[in-house]
There are 2 protein chains.
Amino acid sequence: MTGQRKALPTAEELRIWRDFIETTEALRSELSSRLQSESSLSPGDYAVLLALREAEGRRLRPSELAARIGWQRSRLSHQIGRMERRGLIRREECITDSRGAEVALTPQGSEAFRNASLPHLRAVHELFVTPLTPEQLAAAEEIARALRARLKVPRDT
Amino acid sequence: MTGQRKALPTAEELRIWRDFIETTEALRSELSSRLQSESSLSPGDYAVLLALREAEGRRLRPSELAARIGWQRSRLSHQIGRMERRGLIRREECITDSRGAEVALTPQGSEAFRNASLPHLRAVHELFVTPLTPEQLAAAEEIARALRARLKVPRDT
DNA sequence: CCCATATGATTGACGTGTCAACTACAGAGG
DNA sequence: CCTCTGTAGTTGACACGTCAATCATATGGG
């Protein structure tokens, strides 16, 4: 009833927004760069390998894999192509649906993930967990929840 | 004295981390998509246009521009090339240093920014400011500060 | 059985980001 | 003046992401 929906951020709110978004971007970028230099894996590689390791039989249908990591199918398809060239995963035909495919972890992919995992988790601890107080960590969770709630809504008038 | 520096996140901390990073990524992606569909500008375009508008004479040396928005020069150079093709900015020679160049806002670039600005700020308000309580907004600021402090440090042992 | 449509997956075009060369000029020292 | 080194900026190769189009097969209705 107040037209708040169309309101603009104040200078202060805008400053916080920029700090916040730039910081999370820098954080992502630093994690990505460490993962790359320590393990020759991109964050995308890591996400795919993680999902496959946790999957029944270390294999998944592309659609199912895409759903689990929240990607669009075409993005995954490109990623799978790149990973297959490097021998991290293997594409196989699907028995129950000849339109479909299956993505399977190779021994090399499995090993690459094992080597990457520990350093990556340490980096997450160092760069995200350590700098925050327990209260801030809890606040981060609530902030994420609040933001996510608004994002899911299609976009009201 | 406790080996904490090498510690791993707990399952709970890892969950929070994933929620947090995925949410900020989704937020960035939504903002980007709205900017694109409402104004045909990418976040990169917007950042460059904003910096130029705020610059003395609406022009900047590429290095100075890169520094202000925190980009590497090569990234900016590619961006400038794309924006020049679309008529948003213009490259000019630099009088005081013949190695150098200057990037100047064109009337079209200026107008594109004007058209993009209001809807973009509204989106920031809607998707970031509105969903958070004042306490959460303050907490977001502190969290960003804490994370940034750790990131700046080169990387201790 | 055959067709219309839906679904699984891939592809190509293109914008974007990083990294490592590379070009061209500036500026200091001989 | 000349060389040596540093700096401004660009470029090319390649990884990545999105979008729209495409291909092949599945599937339900006549």
Side-chain angles (χ1 to χ4, degrees), chain A residues 22 25-26 28-37 39-49 59-86 88-104, chain B residues 22 25-26 28-37 39-49 59-104 112:
Chain A
E22 281 166 17
E25 172 55 27
R28 178 192 334 282
S29 156
E30 174 66 18
L31 261 304
S32 163
S33 143
R34 291 194 188 188
L35 193 57
Q36 187 70 54
S37 67
S39 319
S40 298
L41 293 180
S42 69
D45 297 334
Y46 190 86
V48 168
L49 294 176
R59 62 179 54 251
L60 281 173
R61 303 285 299 267
S63 285
E64 174 61 20
L65 174 50
R68 292 199 190 182
I69 59 183
W71 287 14
Q72 294 185 346
R73 281 209 311 268
S74 93
R75 176 180 178 186
L76 181 63
S77 194
H78 286 297
Q79 178 73 32
I80 289 306
R82 292 187 296 262
M83 290 178 75
E84 189 172 36
R85 265 178 254 133
R86 291 188 290 149
L88 296 171
I89 55 92
R90 203 169 42 233
R91 265 192 252 242
E92 294 175 358
E93 290 185 0
C94 177
I95 306 166
T96 62
D97 185 338
S98 21
R99 281 172 310 186
E102 286 205 318
V103 183
Chain B
E22 280 166 19
E25 172 54 29
R28 178 190 336 280
S29 155
E30 175 66 18
L31 260 305
S32 163
S33 142
R34 289 195 189 188
L35 193 57
Q36 187 71 54
S37 67
S39 320
S40 298
L41 293 179
S42 68
D45 297 334
Y46 190 85
V48 168
L49 294 177
R59 62 179 53 251
L60 281 173
R61 301 285 299 268
S63 287
E64 175 60 21
L65 174 50
R68 292 199 191 182
I69 59 182
W71 286 15
Q72 296 185 344
R73 282 208 313 261
S74 94
R75 177 178 177 189
L76 181 62
S77 193
H78 285 297
Q79 179 73 32
I80 289 307
R82 292 187 296 262
M83 290 178 75
E84 189 171 35
R85 265 178 254 134
R86 291 188 289 148
L88 296 172
I89 54 92
R90 202 170 42 234
R91 264 192 254 242
E92 295 175 357
E93 291 185 0
C94 178
I95 306 166
T96 63
D97 185 338
S98 20
R99 283 171 308 186
E102 286 206 319
V103 183

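First the proteins, then the strands, lettered A, B, ... as listed; each starts at 1. Computed from heavy atoms alone, side chains included, the values below leave out hydrogens, waters and symmetry copies.
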Any chance you could measure [X], atom [atom1], to [Y], atom [atom2], to the nearest 0.5 Å?
X	Y	atom1	atom2	value
A:Arg86	A:Arg82	CZ	CZ	8.5 Å
A:Arg91	A:Glu102	CZ	CD	13.0 Å
A:Ile69	A:Gln79	CD1	CD	7.5 Å
A:Gln36	A:Ser29	CD	OG	11.5 Å

- Task: On DNA chain D, reading 5' to 3', which nucleotide is the first and which the last to sit with an atom under 4.0 Å from a heavy atom of chain B, could you check?
- Result: D:dG6 to D:dA13

- Side-chain (A:Ser37) to main-chain (A:Ser33) donor-acceptor, under 3.5 angstrom: yes

- Answer yes or no: is there a donor N or O on one side and an acceptor on the other, between the side chain of A:Glu92 and the main chain of A:Ala104, under 3.5 Å? no

Is any side-chain heavy atom of [X] closer than 4.5 Å to a side-chain heavy atom of [Y]?
X	Y	value
B:Glu22	B:Glu25	no
A:Arg61	A:Asp97	yes
B:Leu88	B:Val48	no
A:Leu49	A:Met83	yes

- Helix axis bend for the helix from C:dC1-D:dG30 to C:dG30-D:dC1 - C1'-based end axes, five pairs, 10° rounding: 10°

- Query: With a non-hydrogen cut-off below 4.0 angstrom, is B:Ser77 in contact with a base, only sugar-phosphate, or nothing?
  - Reply: base

Pairs under 3.5 Å (N/O, protein and nucleotides 2-7 of chain C):
from	atom 1	to	atom 2	distance (Å)
C:dT7	O2	A:Arg99	NH1	2.9

- Note on the structure: Residue pairs passing the salt bridge (Lys or Arg N to Asp or Glu O under 4.0 Å) test with at least one member in residues 67-80 of chain A, sequence neighbours excluded, are A:Glu64-A:Arg68

- Item | Minimum heavy-atom distance between B:Ala112 and B:Leu41, given as atom pair plus value | O-CD1, 3.9 Å

- Note on the structure: In B/S/- notation (B base, S sugar-phosphate only, - none; protein heavy atoms under 4.0 Å), nucleotides 16-22 of chain C written 5' to 3' is BSBBB--

- Query: Whole Å only: how far is the CZ atom of B:Arg85 from the P atom of C:dC14?
  - Reply: 11 Å

- Item | Qualifying residues under side chain to side chain donor-acceptor pair (under 3.5 Å), relative to A:Ser42, sequence neighbours excluded | A:Asp45

